[in-house]
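Reviewing the structure listed below.
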Amino acid sequence: MKGHKIKEKIEIKIFLDIINNIEEKEINTTDHTFFRLSEAQRKIFKDRVIKEFIKGQDPILVGLQYNGCYAVFYDYSADKALRVMLDIKGNTCEIVTFYIIDKNKI
């Protein structure tokens, strides 16, 4: 599982420059995006909600994983963070998957 581990941190400003150059219509989900969610969570987390995090909030941490995807962490609550894995190629972005974690595990 080394591929999902972060090999280097990315400056938040650099990530924001990358993501701001991608139009929202070019940010897509895949069949894999929602596989970790329960039925109740699927009613809350639609692709629109995830896109709003990506385009509308500054992350608290960004890392480049060994598999080439970005691991982007957003503030979710006092003790939780939303981890979103993104596969960014040029001007397109695929939301590989996401899940909520304890902030102390970042």
Side-chain angles (χ1 to χ4, degrees):
M1 288 308 239
K2 182 179 179 181
H4 297 149
K5 294 198 182 286
I6 294 174
K7 72 175 181 178
E8 67 179 289
K9 289 184 180 179
I10 304 294
E11 287 185 43
I12 292 171
K13 182 187 178 331
I14 291 172
F15 172 77
L16 291 174
D17 287 345
I18 292 168
I19 209 69
N20 287 336
N21 286 318
I22 298 174
E23 294 182 40
E24 189 170 329
K25 67 181 181 178
E26 297 300 330
I27 300 174
N28 302 298
T29 59
T30 67
D31 293 338
H32 187 71
T33 302
F34 300 99
F35 90 102
R36 293 179 177 263
L37 302 183
S38 67
E39 283 302 312
Q41 290 172 320
R42 288 173 201 258
K43 292 178 182 176
I44 297 169
F45 287 102
K46 305 286 186 194
D47 62 340
R48 177 186 52 77
V49 173
I50 302 304
K51 287 179 182 183
E52 287 173 1
F53 271 95
I54 295 168
K55 292 296 281 183
Q57 291 194 27
D58 289 350
I60 56 176
L61 175 71
V62 179
L64 186 61
Q65 299 178 152
Y66 283 95
N67 63 7
C69 291
Y70 289 84
V72 188
F73 299 84
Y74 296 94
D75 197 21
Y76 187 73
S77 70
D79 61 341
K80 302 285 184 190
L82 180 69
R83 180 177 180 159
V84 183
M85 274 66 74
L86 303 174
D87 187 7
I88 300 173
K89 292 187 173 61
N91 289 329
T92 63
C93 174
E94 283 192 347
I95 303 167
V96 176
T97 193
F98 65 94
Y99 49 93
I100 297 169
I101 63 168
D102 290 331
K103 283 185 180 173
N104 62 7
K105 293 186 178 184
I106 296 178

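Annotation: the span from Asp47 atom CG to Thr29 atom OG1 amounts to 5.0 Å, rounded to 0.5 Å. Atom CZ of Arg48 and atom CZ of Phe53 lie 11.5 Å apart (nearest 0.5 Å). For the atom pair Tyr66 OH and Lys5 NZ, the distance stands at 9.5 Å (nearest 0.5 Å). Atom CD1 of Ile88 is separated from atom CD1 of Ile95 by 10.5 Å, given to the nearest 0.5 angstrom.
Residues Lys51 and Ile27 approach most closely at CE-O, 2.7 Å, considering heavy atoms. Nearest heavy atoms, Gln65 versus His4: OE1-O, 3.1 Å. Taking both residues in full, the closest heavy atoms of Asp87 and Cys69 are given as CB-SG, 3.9 Å, listed atom of the first, atom of the second, then distance. Residues Cys93 and Ile22 share a closest heavy-atom pair of CB-CD1, 4.1 Å. In this structure, Glu26 and Asn91 approach most closely via the heavy-atom pair CB-O, 3.3 Å.
With contacts defined as side-chain heavy-atom distances shorter than 4.5 Å, the pair Phe15/Leu86 qualifies. Two residues are said to be in side-chain contact when any heavy atoms from C-beta on lie closer than 4.5 Å; Lys80 and Ile100 meet this criterion. In this structure, the side chains of Thr33 and Glu94 stay at 4.5 Å or more apart for every pair of heavy atoms. Side chains of Lys103 and Asp79 form no contact here, defined as non-hydrogen atoms less than 4.5 Å apart. Taking 4.5 Å as the limit, some side-chain heavy atom of Ile101 sits within range of a side-chain heavy atom of Phe73. Val49 has its side chain out of reach of Phe98: every pair of non-hydrogen atoms, C-beta onward, lies at least 4.5 Å apart. Proximity of Val96 to His32: side-chain heavy atoms (C-beta onward) are separated by under 4.5 Å at one or more points. At least one side-chain heavy atom of Ile18 sits less than 4.5 Å from a side-chain heavy atom of Tyr70.
Cluster annotation: Leu82 and Leu16 are assigned to the same hydrophobic cluster (Ile/Leu/Val/Met/Phe/Trp/Tyr, side-chain heavy-atom contacts under 4.5 Å, transitive). Both Ile12 and Ile10 are part of a single hydrophobic cluster, where members link through side-chain heavy atoms under 4.5 Å apart.
A distance-only check finds no donor-acceptor pair linking the side chain of Asp102 to the backbone of Asn104 [under 3.5 Å]. The closest donor-acceptor contact from the side chain of Lys55 to the backbone of Ile19 lies under 3.5 Å.
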Verdict with supporting geometry, Arg83 and Tyr76, side chain to side chain contact (heavy atoms under 4.5 Å, CB included): CA-CA 9 Å; Arg83 180 177 180 159; Tyr76 187 73; over 6 Å; no

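Salt-bridge check for Glu11 with Lys13: failed, with every basic side-chain N at 4.0 Å or more from each acidic carboxylate O.
Residue Tyr74 is tested with Ile50, Ile54, Asp58 for a side-chain contact (heavy atoms from CB on, under 4.5 Å); the sole match is Ile54.
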